[in-house]
Amino acid sequence: MQFEIKHIADSLGITVVYVTHDQTEALTMSDRVAVFNDGRIQQLAPPDALYEAPENSFVAQFIGENNTMAGEVLEIAGGVAQVRLDSGDIIDTTPVNVRGKGDRTRVSIRPERVEVNPTTLGAEAHTLKATVREFIYMGDVFRTKLSVAGNDEFIVKTRNRAGQERLEPGQTVEIGWLPEDCRALDA
Amino acid sequence: MATANDAFVAFDSVQKSYDGETLVVKDLNLFIDKGEFLTMLGPSGSGKTTCLMMLAGFETATHGEIRLDGTSINNIPPHKRGIGMVFQNYALFPHMTVAENLAFPLDVRKIDKAEKDAKVARALDMVQMGAFGGRRPAQLSGGQQQRVALARALVFEPDLVLKDEPLGALDKQ
């Protein structure tokens with residue numbers, strides 16, 4: 001029934017202002033979504049921009065699932081922020097709302113943008129060692145919980161494609177992602 | 001994309017305070033295009049419902065201006081704003097049939113019977129409830145009641161429809 005409002009509004013050319021706290025509804029129906037917190041719009045954007053390019057930590061956390069790792073900016077140059085994670089690992093990220101060297105940051109990456117077999121990503125991919133904590137079979141996808149750079153709740157979602165490896169708890173793996181999918185947000 | 005000057009719905013520097021001290025809406029600037037489907041998303045207490053209520057006319061802005069199609073609506077009461085509302089606390093009248101529930105907002109607008117019947121039938125067909133005009137709300141499922149509530153909001157052919165979230169909806173976050 002919710003989606004019917006969308007279809008009817010489209011066919012009649014009606015403007016709709018819809019209030020919800022259901023992010024799936026918001027992402028699937030809207031031309032644009034205004035994310036509110038603390039009396040302010042935190043971000044106003046079409047669903048794909050909101051999901052793929054959150055502008056601050058609140059939006060990244062509120063919309064969808066996200067892995068975060070805390071760290072400090074070492075350098076911002078050429079559109080890349082180098083971040084030293086609190087675990088000591090140094091990674092390349094996309095600077096979003098960090099200003100420069102010394103800024104604390106929360107680095108954010110979506111579970112489906114992490115590859116367990118990073119060789120598929122190419123040379124620019126960043127890789128880190130990870131330990132498998134839990135493997136959850138969900139039918140269409142696998143949800144694997146890992147310990148990565150001090151984050152024990154790091155989630156990777158993998159499509160259940162033909163031949164996809166099913167990881168075992170305790171196993172050590174190399175995971176990777178592209179720097180553009182890894183966003184340096186406010187701490 | 002809409003700007004302050006050509007927006008169909010404009011919140012222009014809108015603030016809202018209930019107690020004169022705390023702002024529950026802080027300097028809202030939001031410009032919505034005609035035909036746009038805009039969702040206000042946020043946790044409880046984030047100010048989203050207050051914004052919807054100000055647009056509907058059930059709350060007044062403490063500061064700033066809300067415009068609809070270029071005209072300030074700050075001082076226009078809800079029923080004169082011409083906005084369709086699908087609000088959870090707008091229950092269907094239990095003693096009226098579905099068709100009578102839909103005809104009610106048209107009666108208030110003094111529309112003649114033949115035209116009224118045609119509008120009611122059209123609105124019910126839009127939500128695939130054309131066969132249920134003679135039922136009372138208690139004879140409908142929850143989902144069917146929601147469809148009727150939507151039809152009731154559409155029956156006077158508004159350019160703008162507002163929908164709030166179901167009461168008791170659990171926060172998934």
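A note on names: the letters A, B, ... follow the listed sequences, proteins ahead of strands, and every chain is numbered from 1. A quick note: this is a predicted structure, and the numbers were derived from the prediction, not measured.
- Note that the CD atom of A:E25 and the OG1 atom of B:T39 stand 8.0 Å from one another [nearest 0.5 Å].
- Separating the SG atom in B:C51 from the CD1 atom in A:I41 is a distance of 7.0 Å, to the nearest 0.5 Å.
- Considering only heavy atoms from C-beta on, A:D31 stays 4.5 Å or farther from B:D33 through its side chain.
- Residue B:S46 holds its OG atom at 13.5 Å from CZ of A:R40, rounded to the nearest 0.5 Å.
- With a 4.5 Å cut-off on side-chain heavy atoms, A:V16 and B:L160 do not count as touching.
- The CD atom of B:E165 sits 9.0 Å away from atom CG of A:D22, with the distance rounded to the nearest 0.5 Å.
- Side-chain contact between A:T15 and B:D159: absent, with no pair of heavy atoms (C-beta onward) separated by less than 4.5 Å.
- Within the 4.5 Å cutoff, side-chain heavy atoms of B:P43 are placed close to those of A:F58.
- Applying the side-chain contact (heavy atoms from CB on, under 4.5 Å) test to A:R161 and every residue at least two apart in sequence or in another chain returns A:T158, A:R159, A:Q164.
- Within 6.0 Å of the CZ atom in B:F104, the count of heavy atoms belonging to other residues, nucleotides or ligands does not exceed 12.
- Under the 4.5 Å side-chain criterion, counting only non-hydrogen atoms from C-beta, B:M40 is in contact with A:V17.
- Listed here is the closest heavy atom pair of A:A26 and B:L41: CB-CD2, 4.0 Å.
- Shown here for B:K48 and A:T20, the closest heavy-atom pair between the two residues is CE-O, 3.4 Å.
- With a 4.5 Å cut-off on non-hydrogen atoms, A:I14 touches chain B through its backbone and its side chain both.
- The part of B:L154 that comes within reach of chain A is its side chain, from C-beta onward, which places non-hydrogen atoms under 4.5 angstrom from that chain.
- Residue contact with chain A, scored on non-hydrogen atoms closer than 4.5 Å, involves the backbone and the side chain of B:V25 alike.
- Against chain A, the residues from residues 117-130 of chain B that qualify, each with a non-hydrogen atom under 4.5 angstrom away, are B:M126, B:V127, B:Q128 in number order.
- Other residues, nucleotides and ligands place no more than 12 heavy atoms under 6.0 Å from the CZ atom of A:R84.
- For B:F87, no part lies under 4.5 angstrom from a heavy atom of chain A.
- Here B:F37 contributes atom CZ and A:K6 contributes atom NZ; the two are 6.5 Å apart, rounded to the nearest 0.5 Å.
- For the pair B:L30/A:L44, a side-chain contact is recorded, criterion being any heavy-atom separation below 4.5 Å from C-beta on.
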